[in-house]
Every structure is written in structure tokens, then in C-alpha cells.
Participant: 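Here's a structure for you.
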Number of protein chains: 4
Amino acid sequence: MSHNSFGHLFRVTTWGESHGPALGCVVDGCPPGIPLEAAEIQQWLDRRKPGQSRFVTQRQEPDTVEILSGVFSDDRTGGQVTTGTPISLMIRNVDQRSKDYGDIRDQYRPGHADYAYDMKYGVRDYRGGGRSSARETAARVAAGAVARKILPGVTIRGALVQIGPHKVDRSRWDWTTVDDNPFFCPDPVTAALWEDYLDGVRKAGSSVGAVIEVVAEGVPAGLGAPVYAKLDQDLASALMSINAVKGVEIGDGFAAATLTGEENADEMRLGPNGEPVFLSNKAGGILGGISTGEPVVARFAVKPTSSILTHRRSISATGTEVDLRTKGRHDPCVGIRAVPVGEAMLAIVLADHLLRHRGQTGRGGPAEYPLHRQG
Amino acid sequence: MSHNSFGHLFRVTTWGESHGPALGCVVDGCPPGIPLEAAEIQQWLDRRKPGQSRFVTQRQEPDTVEILSGVFSDDRTGGQVTTGTPISLMIRNVDQRSKDYGDIRDQYRPGHADYAYDMKYGVRDYRGGGRSSARETAARVAAGAVARKILPGVTIRGALVQIGPHKVDRSRWDWTTVDDNPFFCPDPVTAALWEDYLDGVRKAGSSVGAVIEVVAEGVPAGLGAPVYAKLDQDLASALMSINAVKGVEIGDGFAAATLTGEENADEMRLGPNGEPVFLSNKAGGILGGISTGEPVVARFAVKPTSSILTHRRSISATGTEVDLRTKGRHDPCVGIRAVPVGEAMLAIVLADHLLRHRGQTGRGGPAEYPLHRQG
Amino acid sequence: MSHNSFGHLFRVTTWGESHGPALGCVVDGCPPGIPLEAAEIQQWLDRRKPGQSRFVTQRQEPDTVEILSGVFSDDRTGGQVTTGTPISLMIRNVDQRSKDYGDIRDQYRPGHADYAYDMKYGVRDYRGGGRSSARETAARVAAGAVARKILPGVTIRGALVQIGPHKVDRSRWDWTTVDDNPFFCPDPVTAALWEDYLDGVRKAGSSVGAVIEVVAEGVPAGLGAPVYAKLDQDLASALMSINAVKGVEIGDGFAAATLTGEENADEMRLGPNGEPVFLSNKAGGILGGISTGEPVVARFAVKPTSSILTHRRSISATGTEVDLRTKGRHDPCVGIRAVPVGEAMLAIVLADHLLRHRGQTGRGGPAEYPLHRQG
Amino acid sequence: MSHNSFGHLFRVTTWGESHGPALGCVVDGCPPGIPLEAAEIQQWLDRRKPGQSRFVTQRQEPDTVEILSGVFSDDRTGGQVTTGTPISLMIRNVDQRSKDYGDIRDQYRPGHADYAYDMKYGVRDYRGGGRSSARETAARVAAGAVARKILPGVTIRGALVQIGPHKVDRSRWDWTTVDDNPFFCPDPVTAALWEDYLDGVRKAGSSVGAVIEVVAEGVPAGLGAPVYAKLDQDLASALMSINAVKGVEIGDGFAAATLTGEENADEMRLGPNGEPVFLSNKAGGILGGISTGEPVVARFAVKPTSSILTHRRSISATGTEVDLRTKGRHDPCVGIRAVPVGEAMLAIVLADHLLRHRGQTGRGGPAEYPLHRQG
């Protein structure tokens with residue numbers, strides 16, 4: 001058990017505060033012999049990096065990752081590979097402006113963890129949220145990059161599907177456009193609408209919530225277990241552990257409550273080569289806690305950033321009533337940068353379950369489980 | 001790590017199949033000296049017991065619990081108390097009709113775990129769903145009854161808030177009516193409507209999904225931790241681990257995505273005795289993964305029972321296409337009996353986090369954390 | 001984490017007290033499709049069963065095991081196999097004479113856990129030692145029987161190598177004689193000597209300590225891990241967790257402290273078929289925490305039974321000085337029945353590490369690792 | 001579960017290879033509000049540091065620790081304290097001479113982990129032993145320094161009690177002399193003898209084994225648990241996880257096998273103030289897996305360094321027979337520097353169990369458990 005680790009056979013332990021010298025993670029249990037270069041991790045970190053548009057925090061952090069252990073480059077074989085020992089990854093904090101936070105060291109910002117922290121620990125690193133800062137998610141993205149390396153044949157992607165009241169039009173969904181806009185939006189028309197909408201939110205010093213969808217294709221059937229190691233259970237745990245997340249759903253999710261058994265059942269037929277074929281995927285690729293070979297689909301809701309420029313009523317640690325607003329640099333919609341974080345957590349869950357499945361059953365990899373969905 | 005255990009310091013391991021001789025659980029880590037009688041566990045099991053109305057499975061199971069270990073009755077002190085050693089609870093299966101399931105031993109019922117099981121294990125106890133049967137949840141309710149005993153001052157309740165498209169009217173919410181109808185519905189008017197609606201579903205041999213809300217009042221502030229031991233994360237894990245659950249949300253949940261930062265922030269003021277008072281509870285009692293002292297509020301969505309009388313298209317394990325319908329005794333709405341199960345999982349999460357919090361910080365019990373919400 | 005579980009991927013949770021209705025265990029993570037009958041477990045329990053000679057406790061317990069879950073017998077395929085779900089094993093307690101223990105419910109028996117229990121829990125099931133009774137080890141033997149089933153090609157054996165000051169003569173070691181005497185002694189000459197010696201101890205109402213050696217042959221190379229999942233570390237943990245054990249050593253163990261580097265190094269050569277061959281096995285089959293393919297060899301020391309007929313000085317829970325002696329039925333040498341328990345723990349450790357190794361590396365079973373030692 | 005973590009509530013994860021850029025650990029679960037400065041950790045690292053005498057490796061490493069997270073210095077309160085979030089500690093490697101190891105990248109050094117590593121991982125960082133280097137123990141000492149901080153009133157000390165065949169004379173035991181010689185020897189006469197003896201070993205290019213004793217005084221009664229969380233079990237696990245350790249014993253250890261029940265029982269009496277008093281401590285402070293309040297005493301045996309200058313027979317990864325000797329800088333007796341490592345592991349085990357005990361029982365700290373031993 002651990003308060004700062006996630007996963008079992010593929011296990012990630014993160015550390016670091018917003019305004020400390022660095023943050024990072026230890027990835028334990030990675031299989032040996034996997035090619036791994038820092039640049040492969042960096043590419044995913046660059047997607048999450050702050051300051052890339054006016055819609056995210058203006059904190060300037062290069063988020064350069066260093067691999068401190070767990071890899072080895074043998075000049076006979078060429079590239080660097082994992083050794084099976086713990087991979088320590090470190091990212092230096094560069095742009096810490098601690099002075100921004102001095103005012104609120106005694107005041108509990110509404111919607112923030114300040115009050116809860118003091119109730120728990122009696123002491124609090126108030127600079128930038130300390131441990132509860134979204135900077136911790138950089139370590140998740142780095143770990144997720146390692147997880148992707150042990151999931152050959154699995155494609156993990158994410159998209160923002162709702163900002164405030166505005167949802168994407170699924171009939172226009174195009175994965176290839178996700179990186180063409182600052183929102184990871186799969187629908188260019190909606191992306192344009194969001195741009196206007198979020199500019200308004202931003203200029204008002206306000207913020208707004210969002211919904212993210214993450215999808216893994218090529219997941220072999222058989223990952224997960226029936227009761228307390230359900231694949232969807234661990235995915236719910238993974239996604240709910242991301243800052244500001246208030247809801248998680250798999251497949252049809254809450255909409256499944258309104259369906260009848262006839263509507264909800266994903267029927268099956270044989271494909272052209274006699275292979276099993278599902279005719280729909282309302283289950284989101286998971287039945288009885290175990291993957292079916294269909295795409296694993298999950299969505300999670302992110303609340304609006306609590307740091308806003310409007311005064312809100314609160315209290316201080318010394319027992320007075322205060323009205324406060326949060327200065328500093330913040331995201332008008334933290335949901336945007338949650339997209340690569342959600343992808344990373346999905347990758348980590350799948351990597352862990354792939355190893356667990358292999359451990360218990362001896363069955364191994366993606367190649368064993370061909371399955372295609374019709375239409 | 002374990003595929004069939006939940007929790008850390010308060011740890012529950014369940015075992016048993018639908019059609020085996022018995023099912024049960026081992027509750028490890030319970031504090032010593034807690035009064036505990038079998039009757040106290042039985043009262044919660046009786047709420048979940050099948051066969052109590054025409055809207056749930058007609059399987060007849062008394063679900064009588066036996067305490068096999070972990071308690072001791074000293075004639076000097078009177079009643080039976082926990083000793084701090086593992087509490088083994090067993091429930092005999094009585095009404096197993098295995099013949100009902102013979103037909104489908106080679107056929108993958110759509111919406112069921114059959115196919116996924118075979119992909120994972122290559123072997124499957126096809127009688128009544130085996131390990132993935134809802135009977136496993138009896139063990140959860142039994143363990144939850146123990147968890148409640150170490151949460152003095154905490155009130156844990158649940159209610160069904162939606163069946164199919166029909167939601168309760170929150171303006172009529174009355175906890176005292178929850179046990180007056182066969183649905184755990186907190187709104188008598190909606191309960192009457194559901195009765196008609198579900199009769200139709202039942203007679204059609206169909207099924208429908210539902211949404212359950214669980215609430216814990218009196219939870220001390222400080223339970224949980226900022227990153228991978230978030231109280232809401234473990235609650236999401238707990239609720240998503242229940243059979244047929246497809247979505248979980250905390251506080252405002254998915255609706256938080258549509259809010260602005262101003263609307264979402266739960267403001268604070270001082271109460272009449274100078275105590276902290278939250279003016280709203282959109283956060284559902286958890287900020288930054290840590291309880292605030294406000295009621296902990298969660299909802300989860302349950303898909304419709306996959307066992308229905310209408311033929312659905314599927315395939316067999318031997319590679320043929322089949323049309324099948326599921327005979328046997330089933331719930332038209334499994335969401336109903338999920339209410340006591342959701343309560344139990346909430347109790348288990350809170351008990352575990354209470355012990356974990358006490359372990360790390362030395363801070364102890366409910367008495368330390370007075371907090372009242374205004375209005 | 002758990003106070004009553006052992007292992008990770010192959011995980012055993014035991015429960016039950018000496019004088020409760022039953023004891024048992026849940027074996028979680030067992031691979032699916034393994035043939036498993038109750039009789040296969042029973043044969044190992046029968047070796048540990050009390051009352052089989054005058055040198056062990058006269059408590060009469062048939063120790064009949066019931067498999068309550070986790071197996072399935074499909075009439076098409078014949079025998080019963082594991083399903084990959086938790087295997088619940090239960091053993092009823094039959095011969096509980098609680099009246100024997102009434103006298104000492106307030107008195108701390110020297111050498112027993114009574115005082116420590118009260119300091120920890122403040123409550124204690126004083127009947128027969130409660131949870132600290134050696135009866136708990138029946139559950140270990142049952143779980144070990146399951147572990148053996150997933151270690152094909154691995155031979156696990158144990159022997160008593162020392163009682164009091166009397167050691168076996170290793171030049172006469174003959175595994176085939178171990179079951180020919182009541183001591184699991186591999187040397188018939190020493191067995192005869194022990195018989196006289198222990199009769200003296202028994203008649204004096206005294207007790208004596210012992211040393212047990214357990215050996216696993218056919219263990220594939222590669223089990224374990226370099227730092228905190230060392231095979232020898234987990235073996236030390238497993239053996240030290242057995243009641244009354246005070247020391248554990250691997251290979252040459254404490255004697256290695258007296259060796260030079262030249263003497264200690266197990267040299268290697270190629271065998272007739274070019275295979276790796278170790279010329280000695282001072283390491284006990286483990287180097288750097290990882291198995292080498294050589295026999296895994298461990299020894300553990302068991303203290304004398306603390307229940308003796310001679311009066312010893314102690315105190316009571318109420319703060320008085322007392323002189324007490326322990327009536328009831330006890331083993332003059334608990335080390336004897338520790339032999340099958342040690343074997344079981346060795347099997348559990350190996351099974352767990354086989355699955356962990358397979359999970360991380362994808363490398364599988366014994367067949368992959370041929371290795372023979374010379375001479 | 002984790003291959004590179006130790007402990008549960010107080011949990012240490014180490015990372016780093018001998019010849020990587022750095023090594024370190026993450027200490028998770030530390031209570032909040034504990035004063036902690038880098039200098040307090042450094043003092044313990046300095047005791048373990050290589051190059052301090054001619055009897056240990058001549059590698060020159062300052063082993064300077066950096067605290068990267070988990071502490072906070074509030075200018076209002078003065079010093080730096082823990083925040084309850086993960087404490088990341090890093091030590092840079094400075095003196096890496098990789099060229100020393102190039103020769104043996106394909107050759108399996110007898111007594112080393114080389115062969116076992118290749119069998120497990122198929123890839124190996126052969127420089128300086130990679131992950132199996134004794135440098136990993138620096139991270140343990142750093143983590144142990146943090147553990148000591150949450151054990152006020154507990155004194156943890158270690159000493160070398162045997163080198164090769166030469167044991168200390170316990171009648172001359174004087175803790176105050178342990179730091180007066182390069183061996184952590186508590187007996188100045190024996191220390192002088194060892195100096196001559198080890199000079200001979202060193203000059204011969206040989207090595208020799210050793211035995212270390214660690215003792216914790218002031219440990220409250222009640223730490224540990226009866227079955228699989230025995231304090232002695234976790235201590236055995238902790239000590240056996242140290243490189244080169246081949247045996248562990250508690251209290252009288254293997255000598256207990258030769259005792260009778262009368263000799264072994266630690267009798268009790270009441271002290272001058274009516275407090276419980278043990279008349280001996282053969283149990284080493286632990287009964288039934290739970291601490292008694294007596295000093296916790298453990299010993300562990302370390303095999304001789306496998307790196308020696310004499311040629312030994314071995315094989316290569318490419319299947320040839322080779323004769324090899326290990327160049328480079330090595331310890332003639334690795335047991336010496338194992339003393340501070342053993343102390344650290346003892347501190348970590350006690351800290352973890354203190355938090356676990358507090359979590360389950362609500363009982364807290366050393367102050368609650370006064371106990372003094374007579375004479």
C-alpha cells in the first residue's frame with residue numbers, strides 16, 4: 001500500500017511539489033529489454049507542457065525529463081534498453097514564483113484542497129498547491145510514456161469532448177485533427193466555437209469544466225479480473241486520481257442507466273475468418289471487469305479550475321472570515337491539459353493488467369488475441 | 001496486491017461462486033475490542049437478500065451469515081468483541097438450480113462476462129455466472145456491516161435515484177421513506193411510478209438500468225490523501241468494482257463540467273460557535289482527495305441486467321453463430337439490490353481511510369473533527 | 001498490505017483460532033485450469049496432523065479440508081480444475097477442550113504471546129493461544145498443497161536436522177527414510193537416538209528446540225529480484241512467520257561468515273551438453289536474490305515449546321506475581337510438525353515468484369531453464 | 001506489491017545503479033510535522049560512506065544527500081518539517097570507473113548475481129554490479145535516517161560481532177567504543193585482533209564473511225501482529241534483503257534450538273513500581289510476532305565479498321569456460337559497512353510497524369508503554 005503509488009506489477013510512485021526543486025517518478029516492474037530513450041518520453045511531456053496556448057497556464061516549464069536509472073546502453077547492441085530495474089525519472093521545476101502565493105498561506109481558497117490539507121496534516125506547503133498541484137501530472141505522463149512501450153499494437157488516444165455546456169459533434173469526429181487545435185478537440189467546428197467561448201471565460205477571469213474521452217484500441221481480450229481487479233475498476237481509480245476529476249464512466253456510462261437489456265447487450269457474430277465479432281461496443285470494451293478485445297472507452301469529467309479572479313467568501317486558518325481571489329497563473333480550463341494525463345493513466349492501467357494477466361495465466365501478448373469489430 | 005481483496009488497513013477478501021457450497025469473506029485489520037454480533041451483520045444482509053419483491057431475482061436465499069473467527073466472548077465482560085484477528089464470514093448457498101444453466105455452457109451470453117472469461121482463463125464455471133454472479137455482493141454487505149461498526153458517528157445511507165429514464169424528484173427526498181417501498185426510493189411518488197414502469201419491464205422479460213446515490217454524513221475531515229490515495233479515487237474504485245456498474249461520480253460529478261469556477265466553489269464562513277461552515281457541497285465532501293467534513297456524496301450507474309428473455313445474436317465457444325435467450329431467475333433491475341451494496345462499499349472505503357489516516361498522522365476519530373454545514 | 005496474508009500474485013490469506021469453529025485460508029491468484037482435488041490437499045495435511053506419535057500434541061484433529069470455491073468440474077472434461085478465482089479452504093476444529101485454558105486467562109505464560117497480545121490488542125482469546133496457535137499452520141499446509149500444483153518439475157522436501165543438541169549425520173542423509181520415523185529425520189541412526197532423547201524430554205514435562213531444512217529441486221533460474229523482492233528475502237519472511245521460529249538461513253547461512261571469498265564462490269563449468277554447471281551450492285540456489293537453477297536450500301530454527309509442566313515465574317494481567325505451569329496437550333518438540341509447514345511455505349514462495357517472474361518478463365515455466373549440477 | 005519497495009505505511013522505494021548518474025529513494029507515508037534537515041540524514045550516510053578505512057572499498061563517494069520533496073520550511077515557524085507527502089532523496093554517483101568492468105561483461109563472476117541476472121532479465125548492466133551493487137544500501141541508510149525521526153525514545157544501534165572465525169567477547173561489550181575503530185566493533189581487544197587479521201585477508205586479495213548485531217531499545221510493546229505481519233518476520237525480510245546476507249536470527253536465534261523450554265522462557269516479575277519486568281530476553285524482544293517492550297535484538301550473517309583477486313573457474317554468456325578474477329575496488333569484508341545498513345533496516349521496520357499498530361488499534365507512541373528489564 002502506498003499513498004503515492006499506482007499499479008501493482010507495473011507500479012508508478014510519484015513525488016514532488018509545485019515549488020520544490022523537482023518532481024518525478026519511479027517506474028517499477030517494467031519488463032527488461034524494452035528500447036527506451038528520453039526523447040520518447042519527452043514527446044508525450046511536450047503535449048502536456050504548460051504555456052502552449054493562451055487557454056492554459058502561462059507558467060513556463062520546459063518539463064525536460066532525465067532518466068536516472070533502469071536503462072542501459074550496451075555498445076554491442078546499440079540502443080538503450082530497460083533492464084527490469086526501477087526507472088527513475090526526474091523533471092526540474094524552473095519557473096517557480098513563490099511570491100504569488102504568500103498572501104494565501106493562511107487563507108483557505110474555496111474549491112482548493114487547502115482546508116482539507118490542514119485538517120489532515122496540520123502543515124501545508126501553500127506554494128502553488130504543493131503536492132496537489134497539477135504539476136504532479138507531468139510525472140504521470142512520463143510514466144505513461146514508459147507504459148506505452150510495453151503495449152505494442154495498442155493505440156491510446158484522448159480527446160476533449162465537452163467544455164462547459166458545449167459538446168463535440170460525434171458525427172464529425174476525426175482523430176487526425178486532435179493536434180490541430182489547442183484543445184485536443186476531434187471536431188474542428190467545435191474547436192472554433194470553443195476558442196471564442198474560452199476567450200470569454202479567460203477574459204472574465206473565470207474558468208469552466210470539461211469532459212475528456214480516452215480510447216485504447218488493440219487491447220487484447222482477457223485483461224482484468226472478475227471482482228476487485230476489474231479493468232474498469234482500476235481505470236476508474238486511475239482517472240479519478242487525476243486532479244479535479246469528479247466523474248468517470250466506461251462505455252455508455254451513465255447513459256446505460258436509461259437503456260433496456262435488449263439495447264445494452266453487445267451482440268456477437270463470426271467475422272469473415274471465423275473470428276469473434278462484436279456488433280456494437282456499449283460496454284466500452286470491458287465485460288465482467290475483463291477486456292473483450294473491443295476498444296476500451298472511458299470518459300471523465302473535470303471541474304472548473306478553482307483559481308479565479310472573482311472574490312469568493314472563505315475563512316482563514318486563524319478563524320476569521322475573508323473574501324479572497326486567487327492571483328497567479330492558472331488554466332481557464334484544466335480539462336485541456338488533462339487529455340494527455342488521461343491517456344497516460346489509461347496506458348499505465350493497461351500495462352499493469354497486461355503483466356498481471358501474464359503472471360496469473362501465462363498468456364502473453366497482443367498477438368494472441370485477434371479480434372475485429374464489424375463496421 | 002490481490003484480485004479479490006479490497007482496502008489496505010481494513011481489508012476485505014471475498015470468495016465464492018454462485019453455485020458453489022458457500023461464499024464469504026475475510027475481513028482483516030479490524031480494530032480490536034469492537035462489539036460485534038452476527039445479528040448486526042444479518043440485518044444488513046437482509047436488506048440485500050433476493051426474493052423480497054417481484055422486482056428482484058426470485059432465487060430463495062436466506063443469506064444467513066456465520067462468524068467463523070476473529071471474535072471472542074469473554075464471560076467476564078459480557079458481549080462478543082473483535083480481537084483484531086481476521087474475521088471470517090461465511091454464507092451458505094441454498095437455492096442453486098444448476099440445471100438452468102446447462103444450455104449456455106458453450107454459448108456466450110451477450111452483455112455477460114462469458115466470452116471475456118474464456119479469453120482470460122480458458123475455463124469457466126458457467127453456472128449462474130460463477131464468480132461474476134451478483135451473489136458475491138452478499139460478502140460485500142457483510143464486510144460493510146463490520147466497517148460500519150468502526151465508524152461511530154458516521155451515518156451511511158443509499159437510495160435509488162433513477163430507473164431507466166425516470167429520476168426521483170429531489171424536492172420530495174425523504175430518507176425515512178426509503179425502506180417503505182421495494183426500490184429504496186426516497187420519493188414515494190416516484191416509487192409508485194417505478195412500480196408500474198418496472199412491472200411492464202418485468203412482464204416483457206426485459207430489464208433496465210438505474211442510478212444509485214450513497215451518502216455518508218459525519219465523516220471527519222482529513223480522510224484520504226492528495227495523489228494516489230484520494231478518498232474519491234478509492235470510492236470510485238469501490239463502486240466501479242460492483243457488478244454492472246458503468247459510471248461513478250462524486251458530488252456534482254459530470255454536471256461539474258458545465259459549471260464555472262464561481263458556481264463550483266463551495267464557499268466557507270464561520271458558524272455560530274466559530275466553527276468552519278461550508279455554504280454548499282458541490283464537491284461532495286472531498287477536496288484534493290481529502291474529506292472536508294461535509295457529507296460524502298457519490299452516485300453510480302448500473303446497466304440493465306443482461307439476462308433477458310428476448311433472443312439475442314451471439315456465438316458459441318466452438319465457433320458457431322447462435323441466437324440465445326437467458327432462462328433462469330433474474331432481476332429486472334439489478335440496480336435495486338445495488339443500493340445496500342453501494343452503502344457497504346462506502347463504509348469499507350471510509351473505515352480503511354480512517355485507519356490509514358490514524359496510522360500516518362496519529363489523529364484519530366470522529367470526535368476530533370466537528371463541522372456543520374449551514375442550511 | 002495485510003496482517004494475515006502472504007504472497008503477492010499467489011496470495012494466501014489465513015483465518016481462524018485454535019478454539020473457534022474452524023480455520024482456513026483463501027488462495028488468490030492461482031492460475032486457471034490446474035487439476036485440483038481435495039484429496040491432493042489432504043495428503044499434505046495428513047503429514048502435519050496432530051496426534052500421530054507420542055512426540056507431538058495429543059489433540060485429536062482429523063484436519064479434513066473442504067474446498068468451498070475456486071474449482072469447477074465440467075462433466076465434459078472429467079476432473080476438477082481451478083478456475084482462476086479464489087480458492088477457499090476450510091478445516092473444522094473438532095477437539096477443542098476450552099476448559100483446559102480457563103486457569104490462565106489472566107496469567108501471562110512465559111515464552112507465550114499472551115503478554116504481547118494484551119499490550120497490542122487489549123483483548124485476547126486465551127483458549128489454546130487463539131490466533132497464535134500452531135493450528136493456523138494447517139491452513140499454510142493446505143495452501144502449500146495448491147502451490148505445489150503450479151510447480152511441475154519442482155520437488156520440495158523437508159527434514160528435521162537437529163533436535164536439541166543432536167544433529168543428523170549428513171553423510172547418512174537418505175530422503176527415502178524421512179517418512180519412516182516420527183521425526184521426518186533423514187538419518188535412521190539419528191532418528192533412533194532422538195527417540196530415546198525425546199522420550200526423556202517428554203516424560204520430564206519439558207520441551208526442546210529443533211532445526212528444520214527445506215530443499216526445492218528443479219527450481220528454474222530467474223525467480224526473485226535484486227533488491228526488495230529477493231527470493232531469499234521472501235523465503236526468510238515466510239519461514240520466520242511460522243510460529244516459534246527464531247532464525248533462518250540460506251545455503252551455508254551463518255557458516256558463510258567464517259568462509260573466505262575463495263571458499264564461498266560456487267564455481268561454474270559447462271556440462272556434457274554445454275549447459276551451465278555449478279560445482280558447488282554454498283549459495284543455496286540463490287545469488288543476488290535470484291534463483292540460479294541449483295537446489296534452493298534453507299534452514300530454520302524453532303525454539304522449544306513454551307508450554308511445559310515446570311512452574312515458571314510470571315505476572316497476571318491484574319498486576320500480581322504468579323508461578324504457573326501450562327496444563328493441556330502440547331508438543332515436546334514443535335519442530336517436528338514444523339517440517340511440513342516449512343515445505344508449504346517454500347512452495348508458496350516459489351509459486352508466487354514464478355508468477356511474478358512470468359508477469360514481468362514473460363518467461364514462463366520450468367521447461368525453459370534446464371540446469372544440472374555436477375556430482 | 002513492488003520489487004523495489006519495502007514497508008507498508010512507512011514505505012521506502014529505492015532506485016539507482018552503481019554506475020548511473022545517481023541513486024535514491026522515495027519515502028512515502030512519513031507523518032507530517034516532523035522536523036527534518038538534510039544534515040540529519042547526512043550524518044548516518046557518513047557512517048556508511050566508502051573509503052573511510054583500508055578495510056572497505058576505496059571508491060571515493062561523498063554520498064551527499066539532497067531532499068527533493070516532502071519537506072517545507074515555513075518562515076513563521078522556523079525549521080523545515082515533513083509535510084506528509086513523499087520525501088524524495090537523491091545521492092549523486094561521483095566516482096564511477098566503468099572501464100574496470102568491461103572485461104567481465106560477458107563473464108559470470110562466481111558468487112555474483114551475473115548469471116542469475118542474465119537468466120532472469122536477458123540483459124544486464126554489468127558495470128559495478130548495476131542494481132545489485134552495495135551502493136543501493138546508501139538509499140536504505142538515508143531512508144533509515146528518516147525512520148529514526150519518527151521513533152523518539154527508541155535507540156537503534158549496531159555492531160560487528162564476528163569477522164571470519166573471530167567473535168567479539170561479549171563480556172567486554174562497550175557500545176561507546178563502536179565508533180572508535182574501523183569495524184564498528186564493541187570490543188576494543190577484538191578490534192585490534194581484527195585489524196591484523198583483515199590486513200592479511202586484504203593483502204592476499206581475499207575476503208571474509210561477518211556477523212552483525214542490531215539492537216533497538218525503547219521499543220514500545222505491541223508492535224507486530226500474530227501471523228503474517230510478525231515483527232520478527234518483517235525484520236528477517238528487511239535484513240535478508242541486504243546484499244550478501246545469508247542468515248538472520250532473533251534473540252537467541254539458532255541457539256534456541258538447543259535449549260529446553262525451561263531455559264528458553266523469559267520469566268516475568270513486577271518491578272519496583274509494579275511495572276512488568278522480564279528477567280531475561282532470550283526472545284529478543286518479540287513474542288508471538290509482537291514486541292514485548294524488551295530490546296529488539298537481531299543478528300545477520302554476511303558472506304565474504306565475491307570479488308577477489310584469485311582466479312576462479314566460471315563460464316561466459318557465450319558458452320565458453322573461463323578462469324576469471326575480479327579487478328576493481330572492493331571491500332575485503334562487506335560486513336563492516338553492513339552495520340549502518342542493518343541499523344537503517346531495523347529503524348524502517350519499527351517505523352512501519354509503529355504506524356500500522358497505530359492505524360489498527362489507535363494506540364500511539366512510546367510514551368504509552370513503559371517497561372523496564374531487571375538487571
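A note on names: the letters A, B, ... follow the listed sequences, proteins ahead of strands, and every chain is numbered from 1.
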Participant: Chain D heavy atoms under 4.5 Å from C/Glu263: which part of the residue, side chain, backbone, both or neither?
Facilitator: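 Looking at C/Glu263, nothing touches chain D.
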Participant: When heavy-atom pairs shorter than 4.5 Å are enumerated against chain D, which of C/Ser314, C/Ala113, C/Ala255, C/Gly284 gives the highest number?
Facilitator: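 The option with the most such pairs is C/Ser314.
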Participant: Under 4.5 Å heavy-atom distance to chain C, tell me which part of D/Asp118 shows up: side chain, backbone, both or neither.
Facilitator: backbone
Participant: Name the residue from C/Thr14, C/Asp352, C/Val349 that meets the side-chain contact (heavy atoms from CB on, under 4.5 Å) definition with C/Phe6.
Facilitator: C/Val349
Participant: Checking heavy atoms, do the side chain of D/Glu262, its backbone, both or neither come under 4.5 Å from chain C?
Facilitator: both
Participant: Need one label for C/Glu321: side chain, backbone, both or neither, based on atoms under 4.5 Å from any heavy atom in chain D.
Facilitator: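 Both parts, heavy atoms under 4.5 Å.
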Participant: Tell me, out of C/Gly247, C/Gly288, C/Ala265, who's got the most heavy-atom pairs with chain D below 4.5 Å.
Facilitator: C/Gly247
Participant: I'd like to know which of D/Ala298, D/Ser5, D/Ser307, D/Gly289 tops the heavy-atom pair count under 4.5 Å against chain C.
Facilitator: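 Heavy-atom pairs under 4.5 Å are most numerous for D/Ser5.
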Participant: Could you check which of D/Ser237, D/Ala229, D/Gly205 has the highest count of heavy-atom pairs closer than 4.5 Å to chain C?
Facilitator: D/Ser237
Participant: Using a cut-off of under 4.5 Å for heavy-atom pairs, which of D/His112, D/Glu136, D/Glu267 has the most such pairs with chain C?
Facilitator: D/Glu267
Participant: Give the member of D/Gln233, D/Met240, D/Glu249 that has the highest number of heavy-atom pairs under 4.5 Å with chain C.
Facilitator: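 Option with the top pair count is D/Gln233.
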Participant: Could C/Asp252 and D/Lys303 be called an ion pair, given the rule that one side-chain N must be under 4.0 Å from one carboxylate O?
Facilitator: no
Participant: Is chain D contacted by the side chain of C/Ala210, its backbone, both, or neither, given a heavy-atom distance below 4.5 Å?
Facilitator: backbone
Participant: Can you tell which part of D/His166 gets under 4.5 Å to a heavy atom of chain C, answering side chain, backbone, both or neither?
Facilitator: neither
Participant: With a 4.5 angstrom heavy-atom cut-off, which part of C/Ser291 approaches chain D: side chain, backbone, both or neither?
Facilitator: backbone
Participant: Name the member of C/Val302, C/Ile250, C/Asp266 that forms the most heavy-atom pairs with chain D at distances under 4.5 Å.
Facilitator: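 Heavy-atom pairs under 4.5 Å are most numerous for C/Ile250.
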Participant: Non-hydrogen atoms of chain C under 4.5 Å away: do they reach the side chain of D/Val322, the backbone, both or neither?
Facilitator: backbone
Participant: Would you mind checking which part of C/Leu235 comes under 4.5 Å of any heavy atom in chain D, side chain (CB onward), backbone (N, CA, C, O), both or neither?
Facilitator: neither
Participant: CZ/D/Arg124 to OH/D/Tyr117 distance, rounded to the nearest 0.5 angstrom?
Facilitator: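 That separation rounds to 9.5 Å.
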Participant: Could you name each residue pair satisfying side chain to side chain donor-acceptor pair (under 3.5 Å) that touches residues 238-248 of chain C, not counting sequence neighbours?
Facilitator: C/Arg140-C/Ser241
Participant: At a 4.5 Å cut-off on heavy atoms, which part of D/Ile315 comes close to chain C: side chain, backbone, both, or neither?
Facilitator: both
Participant: For D/Tyr121, is it the side chain, the backbone, both, or neither that has a heavy atom closer than 4.5 Å to a heavy atom of chain C?
Facilitator: both
Participant: Which region of D/Thr13, side chain (C-beta onward) or backbone (N, CA, C, O), has a non-hydrogen atom less than 4.5 Å from a non-hydrogen atom of chain C, or is it both or neither?
Facilitator: neither
